[in-house]
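These notes concern the structure reproduced below.
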Amino acid sequence: MSKKRYLITSALPYANGPLHLGHLAGAYLPADIYARYCRLKKRDTLYICGSDEHGVPIMIRARSEGVPPQEIVDRYHFMNEKSFRKFGMSFDYYGRTSSPVHHQTSQDFFRTLARKNLFVLKTDKQLYDPEAKMFLADRFVRGTCPVCGYEDAYGDQCEQCGSSLSPADLINPRSAITDAEPVLKESTHWYLPLAKFQPKLEKWISGHPEWRPNVRGQIQSWFSNGLKDRAVTRDLPWGVALPEDVAQAAGVDANGKVLYVWFDAPIGYISATKEWAAKKGEPELWKEYWQNPDTNLIHFIGKDNIVFHCLIFPAMLMGHGDYVLPENVPANEFLNIKGLKFSTSRGIALWVEDFLEKYPADSLRYSLAISMPETRDADFSWEDFQAKHNNELADILGNFVNRTFIFVRNYFGGKLPHLGELDDLDQQLIDRLVQGKEKVGRAIDEFQFKEATRQFMDVARFANKYFNDQEPWSTRKNNPEKCATTLNLCTQTAYSLAILMNPILPFTSAKIWKMLHLPDESDRANWEDIGTLPLEEGHSIEDIEILFQKIPEKVIKAEIENMRKLSEGGPEKAETKPAFLSFDEFRKMQLRTARVLSAEKVKGTDKLMKLRIEVGEEERQIVAGIAQHYSPKEMVGKTIIIVANLQPAKIRGIESNGMLLAVNDGDTLALVQPDRDVPSGKPVS
RNA sequence: GGCGGCGUAGCUCAGUUGGUCAGAGCAUCGGAAUCAUAAUCCGAGUGUCCGGGGUUCGAGUCCCUGCGCCGCUACCA
């Protein structure tokens, strides 16, 4: 670690949704702690992040909302940037990949690799959706499996028989986006032949035994399977355009082709750095960070990003030749929310924005830091959050600072008392501060943020013990000089703690700084000052405020209850206002009686049953999820109630024209039936 | 069902390359103290390290298998 500069990045959050707690615990909080620590150590530090704004999901979302993609990414770019700020993220620059600088940078990068002949071109016939005007990824093609005849197989795999397929194998293929019949269309794409890079990558990785075992493990499994060629262009209307000159040289029409989002996203780190440098008025400065071998490049990511940051992007950087490679990639695992059926698509998560409306950022930072998913998935629970906030931040840390400052105010007129001769315990306290500086520092340098957080709180614990053992409330009467020394040291300790906590609890650090009436900001303090005793006798302490107000039981109970509702019923049920249906709306729904003519279980499913039913004159087929509770035999002849005008759907490839009504109560499922004999096809009202 | 992850004290978790590794904090119980947000400090107990096999002189730590939990996905109440 003799290198000079630190270039720190956090994974670019994808701009098609808001941030949740899992994001923070994974790639953002650890990076921010690290960056803040580096700055306090007076290292040359640059911390970069931004929004990732290209790719298929954003396009699909835009299409479904009927707005241009730019509108989607604008929405989340600004929303997320704001959430980050409230959380105390200290990015030096937060960019976005829709910026012109980024497009330019990505194209230049691509051009360089092309000029060096590092790409392989492949032309394939691919399925194209004429309605959506786009080529379809394998997963977006559905059709009949040629092996088992299952009608709703994916383009890459049949869920029914497990056969591995290619989209061209499917009989009657259709687009999962528009349902249109795809046509085969020839398309040429640029591939990064990763296999060629494998020896170099392996050699590079083997030089980093200090990387986290889970990261190395995942990389090894990629190596042992052998790296494959990766397409780095796509046929899509949204993204960084394929450079025309490159396409022309290859005799390909660049129209409609873009760089694959995973090619351009990591380059976003570089373009954001460029924008930072330009804004600073030193447009060439970015090169110092990206191209000077004296740089430590550290990527903070979640575990889902390992392959891109440890293999693909490094291969790109190697291929380009002018760039430094990452020094470490401390990937975190996932954060689960206890009791919450997490689902971003249904909008079920603990969102950062909501959370910070109600609770202090530092409390969240602390509780995420102390149970960060460093080596395995971790759980976040409301009870735990409350316990950390109340028992540790408020009772241990907050109370130490408060009892010290109040004591100085009440008995020394708010002026720092004289530091006299030190006894053993005094010396022990000072030693602990110095040790804390070393232990917390070492842990952060080794990316062990839980350990760092624990070590920090241990220092605060010891400070309380010191206060107790010195008994200033009694020395005040029988040994005033000692009492003065004790309180002098306690105040100096608060000062040291403010620096020690700054990477983890920046807002609290600033509050203590202010109460200590210090110039400048705690962010600018020097890590090495921890354990020194810089405050002079007579130094005044002002405007004492409580650092952490306790969170009452009932508040947490309400959160848990709210979360339970959210998990059970989705967002609708969590609404407090009952939603009334107008009579007209009700009349739109056609409920009818129907008689079951025949029934059979849908093969390969647990719950589904296919029913032929008679609805008056008409005969139709529906699919119902009742097979675990009723046998096909007992269904035959029953009169049931159906929603007759529900939009027809294909379930596991089987047409369903209506929905059977049943009551679901946990393990019990009961059919809704008229309690007298009635003919089928009669309206229910 | 498929893919991925996880299973160590009541709870949240540490346990680096297999050899004092059976730990920490919280919660609980007992005591001390009263400067402080009734906040602090001291002392104490608890564990078939999910079960079963295997490799080894020796396994939370490696391999296999079973069970359980979670996430994504798939199957419309």
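What's counted below: heavy atoms across the whole structure, side chains too, no hydrogens, waters or symmetry copies. Chain naming here is simple, since letters A, B, ... match the order of the sequence lines and numbering starts at 1 in each.
- Nearest to the side-chain atoms of A/Arg403 among the listed nucleotides B/U12, B/G25, B/C35 stands B/C35.
- Once the 5.5 Å centre distance and the 30° plane angle are applied, the aromatic ring of A/Phe407 is found not to be stacked with the base of B/C35.
- Note on A/Ile406: only backbone sugar-phosphate atoms sit closer than 4.0 angstrom, heavy atoms only; bases stay farther off.
- Listed by first then second residue, pairs satisfying ring-ring contact (aromatic ring centres under 6.0 Å, His included) with a partner in residues 466-491 of chain A number zero, not counting sequence neighbours.
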For this session: Apply salt bridge (Lys or Arg N to Asp or Glu O under 4.0 Å) to the pair A/Asp395 and A/Lys550, showing each step before the final yes or no.
Result: CA-CA 9 Å; A/Asp395 292 353; A/Lys550 295 209 192 192; 2.6 Å; yes
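- Syn is the classification of B/G60, since its glycosidic angle stays within 90° of 0.
- Neither side chain, A/Arg212 nor A/Asn328, offers a donor N or O lying under 3.5 Å from an acceptor on the other.
- Looking at residues two or more places apart in sequence or on another chain, you find no side chain to side chain donor-acceptor pair (under 3.5 Å) involving A/Asn479.
- Separating the CZ atom of A/Phe548 from the P atom of B/A39 is a distance of 16 Å, rounded to the nearest angstrom.
- Mapping A/Lys550 and A/Lys465 onto RNA chain B by nearest heavy atom places A/Lys550 closer to the 5' end of the strand.
- Side-chain contact annotation: A/Tyr359 with A/Gln386, donor-acceptor N/O pair under 3.5 Å absent.
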N/O to N/O distances under 3.5 Å, protein versus nucleotides 13-16 of chain B:
| from | atom 1 | to | atom 2 | distance (Å) |
| --- | --- | --- | --- | --- |
| B/C13 | OP1 | A/Asp379 | N | 2.7 |
| B/C13 | OP2 | A/Asp379 | OD2 | 3.2 |
| B/C13 | O3' | A/Lys450 | NZ | 2.7 |
| B/A14 | OP1 | A/Thr375 | OG1 | 3.0 |
| B/A14 | OP1 | A/Lys450 | NZ | 3.1 |
| B/A14 | OP2 | A/Arg376 | NE | 3.2 |

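- The pairing partner recorded for B/G43 is B/C29, the criterion being a Watson-Crick or G-U wobble arrangement whose two distances lie under 3.5 angstrom.
- In this model, the phosphate group of B/C35 is not approached by any side-chain N or O of A/Asn468 to a distance below 4.0 Å at OP1 or OP2.
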